[in-house]
Amino acid sequence: MPAPARAVPTATLAELADRATASRDRPAYGHDALITCDRLVRIFSADGVEVQALQGLDLLVREGELMALVGASGSGKSTLMNILAGLDSPTAGAARVAGRDLLSMTAKDRLAYRREVVGFVWQQTARNLLPYLTAAQNIALPLRLAGSRGAKGRRARTERALELLELLDIADCRDRRPRQLSGGQQQRVAIAVALANNPAVLLADEPTGELDSHTAEQIFAAFRTANERLGTTVVIVTHDQAVGGEVRRTVAIRDGRTSTEVLRRSEVDAATGHETVVAREYAMLDRAGRLQLPADYTAALGMRDRVALELESDHVAVRPDDSESGGKHG
Ligand SMILES: Nc1ncnc2c1ncn2[C@@H]1O[C@H](COP(=O)(O)OP(=O)(O)OP(=O)(O)O)[C@@H](O)[C@H]1O
């Protein structure tokens with residue numbers, strides 16, 4: 001039996017005016033986030049071919065978060081990181097980090113942004129550290145570039161370098177050059193370099209890509225230390241399956257958009273006092289109401305092209321299109 005047609009309530013002119021005012025007064029998307037990506041688009045043109053690396057990506061990261069971005073190769077993770085690092089500009093959309101508008105920054109603003117607001121750690125250690133400087137000198141370098149000069153400046157730089165080396169448990173590496181350090185030690189020194197100017201955000205692109213699992217754990221621990229002790233917001237792009245055990249929030253990127261996210265929280269059993277981490281997967285819902293269903297869900301139910309939606313009192317049901325099977329669903 002077809003569902004009865006729903007009466008559309010008519011609003012008075014005054015009610016419509018109230019609704020318009022309410023929506024105008026609503027805070028802007030991401031007003032309270034440290035990182036806001038709003039419908040971010042990045043198109044690359046190479047040899048006459050256009051590649052849409054980011055296709056309207058939305059992402060909010062709050063101050064003090066430690067989170068990971070995951071996704072298949074080519075999904076757009078590095079493109080997003082390069083934009084957040086101030087190394088590349090989006091084609092369209094909006095991106096704000098710690099109050100800076102990444103689209104309208106001048107070359108001078110961009111330089112100051114990279115020196116003062118964000119720190120980054122890359123997979124290739126050669127990109128993170130200068131080979132002819134010791135660990136302490138590598139950490140002091142960004143402070144010098146940011147303007148800490150003279151004898152007083154030198155003392156302050158050395159103090160800051162030692163403080164960070166100690167914080168990350170690599171004080172014994174202070175006078176060693178990168179080639180005299182293990183891969184894990186090099187990455188921890190790289191984290192210290194990235195933290196030298198006390199950035200609001202630390203970005204890391206595959207920081208454990210070249211490390212074994214035990215060493216990778218130490219690197220995640222170093223990010224947690226930066227997050228908990230210095231209050232730095234940390235965003236890590238990774239393929240590392242172990243990341244689930246290391247961060248509370250993992251956002252998946254698919255085809256240049258954020259698609260799903262996993263949040264983890266601790267639950268303590270009242271009877272035994274035993275603590276377990278409970279994970280729950282969520283789908284992203286953008287401001288236009290678009291929802292990306294996980295591929296394994298749609299494949300399991302043979303969903304494609306269109307689905308039937310039903311509004312229930314406490315949820316929305318999404319069912320396979322049954323228009324050609326006599327109106328039944330299983
Ligand atoms: N400079 C560029 N010129 C042309 N195409 C590019 C450029 N940079 C990235 N792309 C394309 O954009 C898409 C996204 O690339 P991106 O490097 O962001 O993916 P990724 O998720 O980081 O992948 P991986 O995990 O392999 O590093 C890919 O199709 C890639 O080929």
Side-chain angles (χ1 to χ4, degrees), residues 35-61 65-97 102-103 105 107 110 113-114 118-128 183 186-187 190-191 194 201-213 215-216 219-220 223 233-244 246-247 249-262 281 283-284 286 290 292-296:
I35 301 177
T36 304
C37 297
D38 184 3
R39 292 177 270 200
L40 212 54
V41 174
R42 177 64 169 107
I43 300 172
F44 292 107
S45 304
D47 304 326
V49 180
E50 280 199 347
V51 180
Q52 283 212 17
L54 300 180
Q55 309 190 27
L57 178 138
D58 291 326
L59 176 70
L60 298 180
V61 180
E65 267 195 64
L66 166 68
M67 58 92 65
L69 292 169
V70 297
S73 181
S75 56
K77 305 178 302 291
S78 298
T79 304
L80 173 63
M81 288 306 255
N82 283 332
I83 291 173
L84 295 179
L87 299 170
D88 185 25
S89 297
T91 310
R96 290 184 75 78
V97 176
L102 302 194
L103 273 89
M105 279 195 297
R110 204 168 273 282
Y113 172 79
R114 290 208 296 266
V118 282
F120 20 86
V121 178
W122 309 106
Q123 176 174 355
Q124 308 87 347
T125 38
R127 205 172 159 187
N128 293 316
Q186 287 183 16
Q187 278 312 60
I191 296 173
V201 181
L202 181 55
L203 303 169
D205 197 353
E206 296 286 0
T208 60
E210 292 175 358
L211 305 173
D212 62 72
S213 59
T215 313
I219 301 305
F220 283 120
F223 284 120
T233 303
V234 184
V235 179
I236 307 170
V237 159
T238 183
H239 269 110
D240 199 328
Q241 296 296 323
V243 73
E246 306 286 349
V247 300
R249 180 180 177 215
T250 308
V251 173
I253 299 190
R254 201 168 113 195
D255 300 331
R257 279 198 199 131
T258 40
S259 59
T260 55
E261 108 170 44
V262 176
E281 184 166 351
M284 306 297 231
D286 75 11
R290 276 184 296 249
Q292 204 176 15
L293 296 174
D296 47 344

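Read the numbers this way: they start at 1 and go in the same order the structure lists the ligands and their atoms.
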Work out which heavy atom in [X] is nearest to a heavy atom in [Y]; give both atom names and the distance.
X      : Y      : answer
Ile253 : Leu69  : CD1-CD2, 4.2 Å
Gln292 : Thr258 : OE1-O, 4.0 Å
Leu202 : Phe120 : CD1-N, 4.3 Å

Original post:
Do we see a donor-acceptor contact under 3.5 Å between the side chains of Asp88 and Thr79?
Top reply: no
Original post:
Between Gln52 and Asp255, does any side-chain donor sit less than 3.5 Å from a side-chain acceptor?
Top reply: no
**OP:** Give the atoms of ligand 1, by number and element, whose distance to some non-hydrogen atom of His239 is under 4.0 Å.
**Re:** 25 (O)
Original post:
Any side-chain heavy-atom pair from Arg42 and Leu40 closer than 4.5 angstrom?
Top reply: no
Nearest protein heavy-atom contact for [atom]: which residue, which atom, what distance?
atom                    : answer
atom 25 (O) of ligand 1 : Lys77 NZ, 2.8 Å
atom 27 (O) of ligand 1 : Ser78 OG, 3.6 Å
atom 12 (O) of ligand 1 : Ala53 CB, 3.3 Å
atom 18 (O) of ligand 1 : Thr79 OG1, 2.5 Å
atom 5 (N) of ligand 1  : Phe44 CB, 3.5 Å
atom 14 (C) of ligand 1 : Gly74 O, 3.4 Å

Original post:
For atom 26 (O) of ligand 1, which candidate among Ala46, Ser73, Ala72 holds the nearest heavy atom?
Top reply: Ser73
Original post:
If you round to the nearest 0.5 Å, how far is CE of Met284 from CZ of Arg257?
Top reply: 12.0 Å
Original post:
Looking only at distance, does Val51 have an N or O less than 3.5 Å from an N or O of ligand 1?
Top reply: no
Original post:
Is at least one protein non-hydrogen atom found at under 4.0 angstrom from atom 30 (C) of ligand 1?
Top reply: no
